[in-house]
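One structure is given below, encoded as structure tokens.
Below, chains carry the letters A, B, ... as their sequence lines are ordered, and counting in each starts from 1.
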Amino acid sequence: MTDPFDHEAPGPRPGGIAARALGARSQPDYLVRLNSEQRLAVETTEGPVLVLAGAGTGKTRVLTTRIGHLLATGKARPSQILAVTFTNKAAREMRHRIGDLIGPAVEGMAWLGTFHSIGVRILRRHAEMVGLKPNFTILDADDQVRLMKQVIQAEGIDEKRWPAKQLAGLIDSWKNRGLSPKDVPPGDGGGFASGKALKLYAAYQDRMKVLNACDFGDLLLENLRLFREHPDVLAEYHQRFQYMLVDEYQDTNVAQYLWLRLLAQGRRNICCVGDDDQSIYGWRGAEVDNILRFEKDFPGAVVIRLERNYRSTSHILGAASHLITHNEGRLGKTLFTDATDPDAAKVQVASSWDSEEEARAVGEEIETLQRRGHALNEMAILVRASFQMRSFEERFIQLGLSYRVIGGPRFYERQEIRDALAYLRIVMQPGDDLAFERIVNTPRRGIGETTVRLLHDHARARQIPILQAAEELTLTSEIGAKARTSLRDLVAAFARWRGKLGVIKHTELAEIILDESGYTEMWQQDRSADAPGRLDNLKELIRSMEEFESLEGFLEHIALVMDRDSADSNDAVSIMTLHSAKGLEFETVFLPGWEEGLFPSQRTLDESGRAGLEEERRLAYVGITRAKQRALIWFASNRRIHGLWQSSVPSRFLDELPDKHVDVVEQTSSYGGYNVGGVGNYGASRFDRADPFANTYSTPGWQRAQKNRAAGTQSTSRGASRLIEGELIAKSTGPSSAYACGERVFHQKFGYGTILEIEGNKLTVDFATGPKKVVDSFVSRG
DNA sequence: AGTCAATCTGTTTTT
DNA sequence: CAGATTGACT
């Protein structure tokens with residue numbers, strides 16, 4: 001049997017380690033480095049195994065060593081092991097670490113990847129069986145929504161009342177649960193579009209088949225269909241996958257679970273590694289239940305707990321462990337450590353007046369640590385919601401403290417990248433209507449809405465791709481002369497570019513396309529501040545194409561691997577959300593914003609009740625356990641939400657931390673006027689303010705004072721006036737600002753401009769786009 | 001086709 | 001409050 005995916009030639013098994021491992025009676029050295037539970041998890045190769053790996057207990061080591069062990073003992077060849085992760089980053093890391101263990105043989109591990117990348121791989125091989133062609137397109141979130149918009153409109157439903165985004169969410173949740181249109185229980189549409197959601201779902205799926213496209217959910221859903229409708233195909237994979245390993249099992253959704261279960265029916269050698277206490281993706285379909293139910297789903301399963309923590313101090317561990325015991329329905333683990341540093345810091349809890357002071361306090365703490373020789377790379381600020389990042393960024397800019405924000409808008413999501421990719425997609429796949437619609441008038445070609453509608457109708461009526469419809473319509477006089485000419489040029493250009501496919505190098509072709517289409521020029525003409533950056537991004541895109549053999553390979557990669565590895569080597573503090581911190585560790589972790597409503601998030605509480613609260617608590621647990629040496633928690637007494645000042649109550653999670661491992665820091669700030677209660681939680685929260693004026697903070701008068709403060713007006717209100725001083729010192733470069741009228745300045749967003757007027761720290765600057773009011777700390781000398 | 005004002009909407013995010 | 005999005009207008 002020839003198998004294009006089998007990189008490894010049949011024949012003798014990989015020699016090196018196998019001989020070493022089996023030749024001698026003594027333990028192979030890779031096993032000696034494990035503790036007894038880890039070793040058990042590695043050596044229990046047959047049958048279902050669930051490894052409950054607490055934070056910092058060597059989960060990845062177990063996974064990689066287990067694979068090494070399977071290979072070393074000759075139980076499997078690299079191509080016979082299915083190893084699934086959630087993120088590309090995790091897959092990369094695993095591949096790297098297995099490589100360290102077994103050497104170049106890791107190249108043969110063709111089935112190590114994310115659920116989606118493996119799903120695509122399988123689907124492309126059997127595409128015809130589910131009504132697709134092997135070169136089907138993978139739609140991203142943006143394409144999905146645009147397509148749904150069209151479907152909604154085609155059904156004659158008011159898109160305003162029933163937004164496509166919402167439908168996308170609904171369909172996504174169905175797909176997460178493994179439900180294709182025929183499986184959705186009637187009435188499950190939640191009243192969307194008066195019960196038409198299901199019909200829209202079916203229409204959307206039909207439309208995708210016509211476009212020869214798949215969305216992310218389909219990659220798994222179609223796999224399920226394939227396996228169910230074609231037992232012979234499933235049997236082939238049963239034969240192939242001798243051993244299966246799954247990382248972060250607590251994050252699997254129902255579709256992924258079903259997929260695993262179908263595959264595991266073969267050899268039944270499935271090893272899932274996860275931590276129910278770190279399940280934080282319930283809101284996007286992950287089912288903690290999958291891990292809680294493992295023993296029922298896989299009878300005879302061996303459950304192994306890894307509880308020995310190698311990461312954190314006993315205080316950090318003690319605090320996190322105690323916090324998480326407040327959750328019900330856990331499988332239950334108790335982390336412990338041998339670390340006995342008598343000087344280890346307790347988890348620190350401190351309060352601040354508002355988010356600005358919080359940022360100031362964190363900044364001071366960071367600078368102190370830095371002075372003592374701690375690397376910024378070993379510090380992270382983990383927030384619940386990304387809007388919290390802003391105050392830290394602002395403060396760190398003022399301090400000149402280097403930081404990096406992890407997460408945020410991704411490379412592939414940028415407009416210019418998506419436009420460029422659309423061009424490339426059409427060249428690869430002329431039937432990619434969504435891509436065509438995206439760029440048909442970008443850059444402007446005088447092909448407006450009317451023309452596009454005409455094309456659309458024609459394409460629909462004749463059941464042909466829009467590009468072909470365009471070609472046909474340029475021969476008639478249905479479209480205006482101007483539009484017709486440019487449309488004809490565009491169609492001809494695509495034909496020309498396609499002719500070069502495989503003839504010239506794909507990077508060269510991409511450059512030609514971007515130049516000849518006028519796309520590069522469009523940004524060169526653009527005078528806005530971010531235009532140069534966009535051109536750089538396009539260059540970067542071309543550069544990253546070099547690593548691929550063909551355009552096809554590159555587009556596949558882009559569709560599936562949407563993370564950019566920001567190998568930033570500078571020493572900088574990381575700022576990120578708690579969600580994106582999972583799997584990472586830092587010497588020092590700052591956890592700001594522990595306030596009711598924010599963390600736990602009110603919305604989660606409203607939407608998911610107790611389950612939501614528990615997920616928030618797990619998030620808190622993840623946050624604390626990221627810390628190796630120090631965890632510092634803050635809460636602010638006042639926070640501005642949607643522009644309104646709200647006084648806030650300390651998070652209930654603070655009360656759930658054990659006194660033994662926590663240091664509550666008394667208010668050090670000169671202002672604030674309240675203090676944090678002593679330790680001892682009888683009756684009211686021990687973090688309740690002892691300030692008799694506390695309840696005045698929510699009065700209209702107080703809020704007015706706060707508004708004045710925000711507007712820069714002096715207020716006589718006690719706390720506020722001091723805060724203004726603080727702000728002036730911190731934010732303004734001086735009473736009359738360090739700038740002068742007529743000076744040329746640069747702004748991140750607006751570009752270069754000339755100062756027209758100065759008002760304290762506020763400048764009125766004449767940018768290319770017109771005069772704008774900006775704060776002086778946001779501009780630099782141009 | 002392009003600009004401006006009214007209106008809405010405010011978590012977490014990978015693939 | 002501020003950013004994004006939409007709709008009306010020119």
Side-chain angles (χ1 to χ4, degrees), chain A residues 84-91 113-120 138-144 159-160 163-165 169 172 175-176 214-221 248 251-253 255-256 279-286 382-390 406-410 412-413 441 444-451 482-483 556-564 576-583 593 597-608 612 615-616 618-620 622-623 639-646 703 706-707 709-711 749 769-770 772-775:
Chain A
V84 213
T85 63
F86 270 83
T87 65
N88 292 296
K89 199 175 150 210
T114 62
F115 277 100
H116 297 269
S117 66
I118 292 169
V120 176
I138 300 164
L139 303 185
D140 60 32
D142 202 72
D143 294 326
Q144 265 177 67
E159 211 270 320
K160 261 153 254 142
K165 259 208 152 120
D172 227 39
K175 289 187 175 177
N176 284 157
C214 257
D215 64 20
F216 276 110
D218 285 337
L219 296 180
L220 279 161
L221 208 57
E248 306 276 18
D251 287 337
T252 49
N253 60 34
Q256 288 157 341
S279 163
I280 54 175
Y281 285 108
W283 51 274
R284 75 179 191 210
L382 310 182
V383 297
R384 173 67 244 263
S386 45
F387 72 81
Q388 292 173 262
M389 294 178 178
R390 202 163 120 182
I406 313 273
R410 269 173 290 292
Y412 75 95
E413 273 172 356
N441 202 29
R444 302 241 133 77
R445 300 187 172 89
I447 301 170
E449 217 179 307
T450 336
T451 313
K482 246 190 296 171
E556 177 95 338
H557 169 87
I558 281 288
L560 292 172
V561 183
M562 293 167 159
D563 58 348
R564 48 174 183 174
M576 67 184 100
T577 63
L578 286 160
H579 283 92
S580 43
K582 195 172 70 161
L598 176 60
F599 191 39
S601 141
Q602 191 58 49
R603 192 156 161 186
T604 302
L605 260 38
D606 292 345
E607 278 169 12
S608 315
E615 183 154 312
E616 294 284 304
R618 290 192 291 266
L619 207 44
V622 167
R639 197 171 285 273
R640 191 155 54 170
I641 300 160
H642 309 334
L644 285 176
W645 281 92
Q646 310 261 205
Q703 291 188 7
Q706 293 300 322
K707 267 191 190 137
R709 180 176 95 67
K749 196 156 169 195
T769 48
K772 288 261 179 339
K773 280 203 169 174
V774 296
V775 177

State which of dT13(B), dG10(B), dC1(C) makes the closest approach to the side chain of Arg640(A). dC1(C)
Phosphate contact (dT15(B) OP1 or OP2) by Arg284(A) side-chain N/O below 4.0 Å: no
Taking the side chain as everything from C-beta on, heavy atoms only, tell me whether Leu560(A) gets closer than 4.5 Å to Thr114(A). no
Selected nucleotide, minimal atom distance to His642(A) side chain, candidates dG10(B), dT14(B), dT13(B): dG10(B)
Where the side chain of Leu560(A) is defined as all heavy atoms beyond and including C-beta, which of dT15(B), dT13(B), dT12(B) is the nearest nucleotide? dT15(B)
Do the side chains of Asp172(A) and Arg284(A) get nearer than 4.5 Å, heavy atoms only? no
Side-chain N or O of Ser117(A) versus OP1/OP2 of dT15(B): is the shortest distance under 4.0 Å? no
How far does CZ of Arg639(A) sit from CG of Leu598(A), to the nearest 0.5 angstrom? 5.5 Å
Side chain of Arg390(A): nearest nucleotide among dT12(B), dT15(B), dA2(C)? dA2(C)
When the distance from CG of Leu221(A) to C1' of dT15(B) is rounded to whole Å, what number comes out? 15 Å
Please compare Arg444(A) and Leu578(A) by the position of their nearest nucleotide in DNA chain B and report the one closer to 5'. Arg444(A)
Rounded to the Å, how far apart are Leu644(A) CG and dC1(C) P? 8 Å
Please tell me which of the listed nucleotides, dT15(B), dT12(B), dT13(B), lies nearest to the side chain of Ser386(A)? dT12(B)
Between Val120(A) and the options Leu219(A), Leu220(A), Asp218(A), the side chain to side chain contact (heavy atoms under 4.5 Å, CB included) test singles out Leu219(A)
Looking at dT15(B), dT13(B), dT12(B), which one has an atom nearest to any side-chain atom of Thr114(A)? dT15(B)
Rounding to the closest angstrom, what is the interatomic distance between dT14(B) and dG3(C) at atom C1'? 25 Å
Which class fits the ring pair His579(A) and Tyr281(A): parallel under 30°, tilted 30 to 60°, perpendicular over 60°? tilted
Using a 5.5 Å cut-off between ring centres and planes within 30 degrees, is Trp283(A) stacked on the base of dT12(B)? yes
Is there a side-chain contact between Asn88(A) and the phosphate of dT14(B), meaning an N or O under 4.0 Å from OP1 or OP2? no
Base, sugar-phosphate or nothing for Ser601(A)? Non-hydrogen atoms, less than 4.0 Å. base
